[in-house]
Amino acid sequence: MCGRFALAAVSGFYSRFHVSNVDFRLDPRYNIAPTQTVPVIVNGGENKVVPMRWGLIPVWAKAEDIGDRLINARAETVATKPIFKRLLGSRRCIVPTTGFYEWKKEGSSKTPYYIRTKGEELFGLAGLYDRWRDKEGNETLSFTIITTEANSFMSKIHNRMPVILREEHEPFWLGKDALTEKQLRRVLSPYPSSGMRAHEVMKAVGNPKLDRPEVTRPLGKQS
DNA sequence: CCAGACGTTGTT
DNA sequence: GTCTGG
DNA sequence: CCAGACGTTGTT
DNA sequence: GTCTGG
């Protein structure tokens, strides 16, 4: 799955995602946890970066805490599950990241890894979002990250991984056109193993309050 | 028709 | 063990 | 995802 | 909102 990621300090964010609101304040983040509000890319004619809460709150929700565990949606079933299905048509988004974390379980111990693509520092995860209003009419935007089966590289660490969008698919994913089953399978398929890298990081990354660059840095052996 | 659910993950 | 908060 | 908290009642 | 179950 994908339950923690980073959006470290980088240059070229706005051009990489072709966003028009270049005055958006981007604070570097090294340890983003569910329920937190982070920048997400959407398209409404032109690409914009907007703040959204991680954990999907469906439009019909009575309380926002339903979103606390809807941090991921399975690619294999996203087109059939009622909660996500309706969002596939027009509420697709890209979650910009410089890397995500997965914990490898070996017996009773858990080892955290920071996982990136090769090449550009920034890449995009496939997401879906929704708009929700509380009783007072205050609107909250929230999102979920689509996951898929691990490729051979990731399966050494975990059996699931987020959907990493190939850059050429990004405009298409942000568009409002409906996707055919075939297109969906293609866009949401696991990113190639050959394009990924990972390294072990300090166990302290487990504490979501530790939002510092150190938690992304290599520790011990590379993989 | 209305009522009630709508989700993922890992572990058991 | 299980739920909540970040 | 992990970390950290988790509770009522009546009586003092 | 939309789907499923009764």
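Note on naming: letters A, B, ... go to the chains in the order of the sequence lines (proteins, then strands), and numbering restarts at 1 for each one.
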Between [M] and [N] - [atom1] atom distance, rounded Å:
N      : M      : atom1 : value
D/dC2  : B/dT11 : P     : 9 Å
E/dT2  : B/dG10 : P     : 31 Å
B/dT12 : D/dC1  : P     : 14 Å
E/dC3  : B/dT9  : C1'   : 24 Å

Do A/R186 and A/T180 have side-chain N/O donor and acceptor atoms under 3.5 Å apart?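 The answer is no; no qualifying pair exists.
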Taking only the side-chain nitrogens and oxygens of [X], find out if one of them lies under 4.0 Å from OP1 or OP2 of [N].
X      : N      : value
A/K105 : B/dG10 : no
A/K209 : D/dA3  : no
A/R74  : B/dT9  : yes

In whole angstrom, what separates [X]'s [atom1] from [N]'s [atom2]?
X      : N     : atom1 : atom2 : answer
A/R91  : E/dG1 : CZ    : C1'   : 11 Å
A/I71  : B/dT9 : CD1   : C1'   : 8 Å
A/I145 : B/dT8 : CD1   : C1'   : 13 Å

Selection from [options] that lies nearest to any side-chain heavy atom of [X]:
X      : options              : value
A/Q36  : B/dT9, C/dG6, E/dT2  : C/dG6
A/N207 : E/dC3, D/dC1, D/dG4  : D/dG4
A/W103 : E/dT2, C/dG6, D/dC1  : D/dC1
A/N72  : B/dT8, B/dG7, C/dG6  : B/dT8
A/T147 : C/dG5, B/dT8, B/dT11 : B/dT8
A/W60  : C/dG6, E/dG1, D/dA3  : E/dG1

Across the strands shown, which category fits [X] at heavy-atom distances under 4.0 angstrom: base, sugar-phosphate, nothing?
X      : result
A/A73  : sugar-phosphate
A/T77  : sugar-phosphate
A/R69  : base
A/N159 : sugar-phosphate
A/F84  : sugar-phosphate
A/K81  : sugar-phosphate

If the test is side chain to side chain contact (heavy atoms under 4.5 Å, CB included), which one of A/T37, A/V42, A/V38 qualifies with A/M52?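 Running side chain to side chain contact (heavy atoms under 4.5 Å, CB included) over A/T37, A/V42, A/V38 with A/M52 returns exactly one hit, A/V42.
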Check ion pair A/R29-A/D27 (N to O, under 4.0 angstrom):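 No, no charged N to carboxylate O under 4.0 Å.
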Could you tell me whether A/R53 and A/D68 have a side-chain N and a carboxylate O separated by less than 4.0 Å?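 Salt bridge present between A/R53 and A/D68.
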Over 60° means perpendicular and under 30° means parallel, so tell me whether A/F5 and A/F143 are parallel, tilted or perpendicular.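 Correct class here is perpendicular.
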Taking the six-membered ring for Trp, are A/F123 and A/F100 parallel (under 30°), tilted (30 to 60°) or perpendicular (over 60°)?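 The rings of A/F123 and A/F100 stand perpendicular, inter-plane angle above 60°.
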